[in-house]
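Numbers here simply count residues along the sequence, with the first being 1.
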Amino acid sequence: MKIVVLGNSATAGEGLADRSLAWPFVVGRSLEAEFGTPVEVENVTVFAKGSKAADVALSRVEAANPDLVVISLGSYICAIRVVAEQVRHLFGERARNRYVRLERRFDRKTASGSTASKTTNRAARSLLHRIIGGRTLATVPEVAAVWEEVLHRLARVEGMQVVVFSDPNWPDRVARANKGAQAALDELRRRVKTVADSHHFPWASAQDLYGVAPDREALYLLDGVHKSVEGHRVQAQAVLDVLRAQVQARESAAPR
C-alpha cells in the first residue's frame with residue numbers, strides 16, 4: 001500500500017533530529033504493524049500559492065500512483081507573519097536572503113541546548129517582530145483555492161481514496177503574536193471542508209487531542225509552529241482513527 005501526504009515542512013519533520021518520527025511515517029509504520037501489509041509513505045511538500053501549485057502537487061500524486069492521498073491542511077503561509085517576508089517587502093529580495101542566512105545562523109546557536117539559549121531565541125524573535133513587523137506569505141483565498149482545486153481534481157480519479165487532515169488550533173503565544181492567525185485557520189478549514197464534504201472525503205483533526213494534552217507547549221518546538229516528537233505522535237494518533245477505516249475498506253475490496 002502506498003500513501004502520499006500532500007503537506008508542508010511540518011509533515012517533512014522539520015526541526016526533528018530524526019525526521020522519520022514525523023507523523024506521516026509514524027502512521028505508515030503503525031498501519032503496517034496493524035494490518036500486516038507493507039506501507040510506503042511519500043511526503044510531498046506543497047507551497048499552496050499560485051496558479052501552478054495544484055498542477056505541481058497533482059503531478060507528484062500521479063507519478064506516485066498511491067492508494068491513498070492525505071492532504072495535511074495547515075495555515076502557516078496565510079496566518080503567520082514572517083519577518084523575512086516583511087524584509088523582502090521593505091528592502092528587496094537580496095536583503096531578505098541575507099536576513100534568512102543570519103536568522104538560520106542565530107537559530108543554530110540558540111534554538112537548542114540550554115533553557116537560557118532557548119529563552120534568548122524566543123525573546124529575539126519577539127523583538128524583531130515588534131521592530132520590523134511581519135507579513136504573511138499568502139492570503140487565505142489564495143491557499144484555499146489551491147486545495148479546493150486539488151480536491152476537485154482528485155475526486156475525478158476513479159478509486160482514489162482521499163483524507164483531509166487539519167492542523168490543530170494555533171497555540172496561544174503564536175496567536176497573540178500573529179493577530180488574525182486563528183481566524184485565518186478557521187476560514188481555511190471552513191472553505192476546504194465544504195469542498196471535502198461535497199465529495200464525501202473523510203475529515204480528520206488533531207484539535208481534540210491537542211486540547212486535552214496536559215502540557216500543550218510540549219507538543220511544539222521552540223518556534224511554536226513545528227511539532228515536537230510528542231506532537232507528531234499525537235497527530236499520528238488522531239489521523240490513524242480515520243485512516244484505519246480507509247485501509248479496512250480497501251482490504252475488504254481487494255480480490256482474495
Side-chain angles (χ1 to χ4, degrees), residues 1-16 18-32 37-80 82 136-138 140 142-168 185 188-189 191-193 195-196 199 201-206 221 225-227 229 231-233 235-236 238-240 242-243 246-247 250:
M1 180 180 185
K2 185 163 189 178
I3 300 173
V4 166
V5 177
L6 297 180
N8 44 51
S9 61
T11 58
E14 181 74 23
L16 299 180
D18 181 356
R19 293 195 177 210
S20 72
L21 296 177
W23 70 257
F25 308 108
V26 175
V27 164
R29 291 191 294 272
S30 297
L31 291 175
E32 194 170 85
T37 301
V39 177
E40 179 185 354
V41 176
E42 179 179 340
N43 180 73
V44 176
T45 298
V46 179
F47 186 73
K49 177 184 177 180
S51 60
K52 296 182 179 179
D55 287 338
V56 171
L58 290 165
S59 69
R60 295 289 299 275
V61 172
E62 183 179 4
N65 190 29
D67 302 289
L68 174 67
V69 174
V70 179
I71 292 176
S72 181
L73 185 67
S75 62
Y76 175 83
I77 68 171
C78 61
I80 302 303
V82 182
T136 62
L137 300 169
V140 171
E142 286 174 325
V143 176
V146 171
W147 291 124
E148 288 165 352
E149 181 180 351
V150 168
L151 287 170
H152 284 312
R153 289 168 63 178
L154 285 175
R156 296 198 292 267
V157 180
E158 186 176 356
M160 178 64 71
Q161 290 182 300
V162 179
V163 171
V164 183
F165 183 40
S166 172
D167 263 2
L185 176 55
L188 182 63
R189 281 178 183 151
R191 289 188 54 161
V192 175
K193 192 173 189 302
V195 177
H199 295 299
F201 290 149
W203 183 273
S205 173
L221 299 178
V225 172
H226 294 96
K227 314 303 189 297
V229 170
H232 279 281
R233 186 196 66 76
Q235 284 190 289
V239 76
L240 273 168
V242 174
L243 290 186
Q246 302 300 302
V247 175
R250 177 182 175 276

- So, for Ala22 and Ala12, which heavy atoms are closest and what is the spacing to 0.1 Å? CB-C, 4.3 Å

- Note on the structure: In terms of heavy-atom contacts, Val146 and Gly50 come closest through CG2-O, 4.0 Å

- Item | Pairwise distance CG(Asn65) to CD(Glu42) - rounded to 0.5 angstrom | 11.0 Å

- Would you check if Phe25 and Asp18 make a side-chain contact, meaning some heavy-atom pair closer than 4.5 Å? no

- Between Trp23 and Asn43, does a side-chain contact (heavy atoms from CB on, under 4.5 Å) hold up when you go through it step by step? CA-CA 10 Å; Trp23 70 257; Asn43 180 73; over 6 Å; no

- Heavy-atom side-chain proximity of Met160 to Leu68 below 4.5 angstrom: no

- Taking the inter-plane angle between the rings of His226 and Tyr76 on a 0 to 90° scale, is it parallel (under 30°), tilted (30 to 60°) or perpendicular (over 60°)? tilted

- Task: Supply the atom-to-atom distance Gln246 CD to Phe201 CZ, rounded to the nearest 0.5 angstrom.
- Result: 10.0 Å

- So do the side chains of Leu58 and Leu154 get within less than 4.5 Å of each other, counting heavy atoms only? yes

- Item | Over all atoms of both residues, closest heavy-atom pair of Ala138 and Val143 | CB-CG2, 3.9 Å

- Task: Could you tell me the separation between the CG atom of Asp67 and the NZ atom of Lys2, rounded to the nearest 0.5 Å?
- Result: 9.5 Å

- Item | Heavy-atom check, side chain of Val69 versus side chain of Val163, under 4.5 Å | no

- Item | Beyond-backbone contact of His232 with Leu16, side-chain heavy atoms, under 4.5 angstrom | yes

- Which pair of non-hydrogen atoms, one from Val5 and one from Ser72, has the smallest distance, and what is that distance? CG1-CB, 4.4 Å

- Salt bridge Asp55-Arg153, side-chain N to carboxylate O under 4.0 Å: yes

- Message: Quick check: do Val164 and Leu151 have side-chain heavy atoms less than 4.5 Å from each other?
- Response: yes

- Message: Looking only at side-chain N and O atoms, does Asn8 offer a donor or acceptor that is under 3.5 Å from a partner on Thr45?
- Response: no

- Which value, rounded to the nearest 0.5 Å, describes the distance between Leu243 atom CG and Ser30 atom OG? 10.0 Å

- Task: Could you pull out the closest heavy-atom pair between Glu32 and Pro38, with the gap in Å?
- Result: OE2-CA, 3.2 Å

- So do Leu73 and Trp203 actually touch side chain to side chain, heavy atoms under 4.5 Å? yes

- Task: Could you grab the distance from atom NZ of Lys49 to atom SG of Cys78, nearest 0.5 Å is fine?
- Result: 11.0 Å

- Side chain of Arg60, backbone of Val4: donor and acceptor closer than 3.5 Å? no

- Nearest heavy-atom pair of Ile77 and Ala48: which atoms, and what distance? CD1-O, 3.7 Å

- Please examine the side chains of Lys227 and Asp167, heavy atoms only from C-beta on, and report whether any two atoms are closer than 4.5 Å. yes

- Find the distance between CD1 (Ile3) and CG (Leu31) and round it off to the nearest 0.5 Å. 5.5 Å

- Given side-chain contact (heavy atoms from CB on, under 4.5 Å), test Ile71 with Phe165 step by step and report yes or no. CA-CA 6 Å; Ile71 292 176; Phe165 183 40; over 6 Å; no

